[in-house]
2 protein chains.
Amino acid sequence: MDAETIKRTLDGSGLRCTPQRYAVMAFLMECKRHPTAAEIFESVNRMDPRCSRATTYNNLRDLVQAGLVREVAVEGRAARFDAKGMRHHHFICDRCGNVEDIGWYNVPRPASGSLGKRVLRECELIFRGLCTKCAPRHASG
Amino acid sequence: MDAETIKRTLDGSGLRCTPQRYAVMAFLMECKRHPTAAEIFESVNRMDPRCSRATTYNNLRDLVQAGLVREVAVEGRAARFDAKGMRHHHFICDRCGNVEDIGWYNVPRPASGSLGKRVLRECELIFRGLCTKCAPRHASG
DNA sequence: TGTCACATTAGATATAATCTAAATCGCTCA
DNA sequence: TGAGCGATTTAGATTATATCTAATGTGACA
């Protein structure tokens with residue numbers, strides 16, 4: 001994922017490509033995990049101390065609003081973030097709260113009657129259980 | 001939903017049926033909305049000032065752990081709660097954060113290969129968009 | 001009635017996220 | 001090049017949400 005691609009992605013969404021915003025987006029794009037805002041801040045700030053906490057949160061908000069990044073709320077824990085690359089669903093570990101990708105497959109929409117006058121924008125599938133790390137641990141104790 | 005049913009439900013989950021716990025459970029069972037913890041506390045506390053904030057949160061945690069209540073995390077907002085009655089999916093309004101029920105229908109599980117060694121416990125569908133209240137407001141301004 | 005585990009409490013504390021007001025950046029246009 | 005100006009950034013305060021603590025209460029049962 002080269003710098004030019006990220007710059008063009010930001011430009012295409014009407015977001016100026018500032019060093020801080022670039023750093024947040026680049027980090028999310030190369031990050032295999034689904035980091036929390038605090039993790040993103042730490043990581044980006046370590047690489048470039050010019051990026052403050054507020055800026056990290058501001059940029060995450062902007063990126064989510066622009067549709068470039070997805071925010072995943074997790075019960076009782078900090079939200080996780082995720083650059084929208086290939087479509088996928090999410091698996092959330094009940095034990096450690098980690099969020100992982102599950103390959104995308106089509107989900108049947110609800111009957112139009114059950115939506116009423118609501119405007120449907122997105123439709124996502126969330127799986128819950130124990131992740132690979134937590135499953136054996138849980139089994140033994 | 002009579003008192004005896006609630007008492008039996010709690011007993012059946014190994015939870016003592018205290019007045020506070022009963023009040024939280026009863027409120028959730030008769031509540032059509034999906035209230036936040038703060039709303040549950042206010043409502044229950046108004047009816048019976050003996051139920052403190054900590055107790056409300058403690059009991060919500062216990063009820064969720066016992067599988068009687070579902071917690072729904074909402075991006076950027078307080079979590080919502082929901083007595084598990086009939087199975088259903090959820091619609092979350094992007095604008096006001098309200099959570100509403102969508103009639104349940106079967107969701108195809110992921111291919112076992114994509115789950116790896118994960119232990120799958122639940123599988124839920126989340127719809128996002130604008131609720132009935134917010135849709136017209138949004139269209140006009 | 002005494003005991004013990006479970007429950008509850010008020011208020012302090014922790015955690016996550018946002019707000020504020022001032023400073024700075026970096027386009028655009030001349 | 002440089003003035004104007006809206007977008008962006010900043011440190012730290014503040015808010016919102018939830019949990020913890022240590023003392024107290026409660027009820028089933030011997």
Side-chain angles (χ1 to χ4, degrees), chain A residues 6-7 10-25 27 34-66 68-81 96-99, chain B residues 6-7 10-27 34-66 68-69 71-81 96-99:
Chain A
I6 294 175
K7 182 164 168 21
L10 292 173
D11 283 350
S13 298
L15 295 173
R16 191 187 287 174
C17 183
T18 66
Q20 294 88 341
R21 188 170 287 152
Y22 175 91
V24 169
M25 191 65 197
F27 177 71
H34 293 67
T36 63
E39 286 166 353
I40 297 166
F41 166 62
E42 273 173 40
S43 189
V44 167
N45 182 265
R46 193 164 43 235
M47 290 192 291
D48 180 351
R50 282 179 308 169
C51 190
S52 74
R53 172 185 313 281
T55 298
T56 304
Y57 277 92
N58 286 344
N59 280 325
L60 283 171
R61 186 201 351 85
D62 295 344
L63 292 169
V64 168
Q65 273 182 356
L68 301 178
V69 166
R70 186 189 296 186
E71 180 176 355
V72 184
V74 182
E75 286 75 10
R77 300 178 188 258
R80 306 302 190 106
F81 295 86
C96 69
N98 274 340
V99 175
Chain B
I6 294 176
K7 182 163 169 19
L10 291 174
D11 282 349
S13 298
L15 296 173
R16 191 188 287 175
C17 183
T18 66
Q20 294 89 339
R21 187 170 288 153
Y22 176 90
V24 169
M25 191 65 199
F27 178 71
H34 292 66
T36 62
E39 285 166 353
I40 296 166
F41 166 62
E42 273 172 40
S43 189
V44 166
N45 182 265
R46 193 163 45 236
M47 290 192 291
D48 180 352
R50 281 179 307 167
C51 190
S52 74
R53 172 184 311 281
T55 298
T56 304
Y57 278 91
N58 286 344
N59 280 325
L60 283 171
R61 187 203 347 89
D62 295 344
L63 292 168
V64 168
Q65 273 182 357
L68 301 177
V69 166
E71 180 176 355
V72 185
V74 182
E75 286 75 10
R77 299 177 189 260
R80 305 304 189 105
F81 294 86
C96 69
N98 275 339
V99 174

Figure out the [atom1]/[atom2] separation between [X] and [N], and round it to whole Å.
X       : N      : atom1 : atom2 : answer
A:Arg53 : C:dT18 : CZ    : P     : 12 Å
B:Leu60 : C:dA7  : CG    : P     : 15 Å
B:Gln20 : C:dC6  : CD    : C1'   : 12 Å
B:Arg61 : C:dC6  : CZ    : P     : 13 Å
B:Asp62 : C:dA5  : CG    : P     : 18 Å
B:Glu39 : D:dA16 : CD    : P     : 14 Å
A:Leu15 : D:dT9  : CG    : C1'   : 15 Å
B:Phe41 : C:dA10 : CZ    : C1'   : 10 Å

| With sugar-phosphate meaning primed atoms plus P, OP1 and OP2, does A:Thr55 contact a base, only sugar-phosphate, or nothing at under 4.0 Å between heavy atoms? |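 Base contact.
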| said: Under 4.0 Å, heavy atoms only, any strand: does A:Ala38 hit a base, just the sugar-phosphate, or nothing? | reply: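 Nothing, no nucleic acid heavy atom in range.
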| B:Arg80 and B:Asn98: side-chain donor and acceptor closer than 3.5 Å? |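 The answer is yes; a qualifying pair exists.
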| task | Taking side chain to side chain donor-acceptor pair (under 3.5 Å) as the test, write out the residues that go with B:Ser52, two or more places apart. | result |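 Listed in chain order: B:Thr55.
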| For B:Glu75, all residues meeting side chain to side chain donor-acceptor pair (under 3.5 Å), sequence neighbours excluded |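 B:Glu75: side chain to side chain donor-acceptor pair (under 3.5 Å) contacts with B:Arg128.
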Between atom [atom1] of [X] and atom [atom2] of [Y], what is the distance when rounded to the nearest 0.5 Å?
X       : Y       : atom1 : atom2 : result
B:Arg16 : B:Lys7  : CZ    : NZ    : 11.0 Å
A:Asn59 : A:Leu15 : CG    : CG    : 8.0 Å
B:Asn58 : B:Leu63 : CG    : CG    : 10.5 Å
A:Leu60 : A:Arg21 : CG    : CZ    : 11.0 Å

| task | Report the residue (B:Ala54 or B:Ala78) whose heavy-atom-nearest nucleotide on DNA chain D is the more 5′ of the two. | result |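 Its nearest nucleotide being more 5', the pick is B:Ala78.
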Hey, does the side chain of [X] come within less than 4.0 Å of [N]'s phosphate (OP1/OP2), counting only N and O?
X       : N      : value
B:Arg77 : D:dA16 : no
B:Arg21 : C:dA7  : yes
B:Thr18 : C:dT8  : yes
B:Tyr57 : D:dT19 : no
B:Asn58 : D:dC20 : no

Protein-nucleic acid N or O pairs under 3.5 Å, nucleotides 22-27 of chain D:
none

| message | Show me the pairs that pass salt bridge (Lys or Arg N to Asp or Glu O under 4.0 Å) and involve residues 35-49 of chain B, at least two apart or across chains. | response |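 Qualifying pairs: B:Arg33-B:Glu39, B:Asp48-B:Arg50.
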| Shortest non-hydrogen separation from B:Val44 to B:Ala23 and the atoms involved |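 Shortest heavy-atom separation between B:Val44 and B:Ala23 comes out as CG1-CB, 3.7 Å.
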| said: My understanding is that only residues two or more places apart in sequence, or in another chain, count here; which of them pass side-chain contact (heavy atoms from CB on, under 4.5 Å) with B:Arg77? | reply: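 For B:Arg77 the side-chain contact (heavy atoms from CB on, under 4.5 Å) partners, ignoring immediate neighbours, are B:Val74.
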| Of the residues in residues 68-75 of chain A, which ones touch DNA chain C at a heavy-atom distance under 4.0 Å? |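 Here the set is empty: none.
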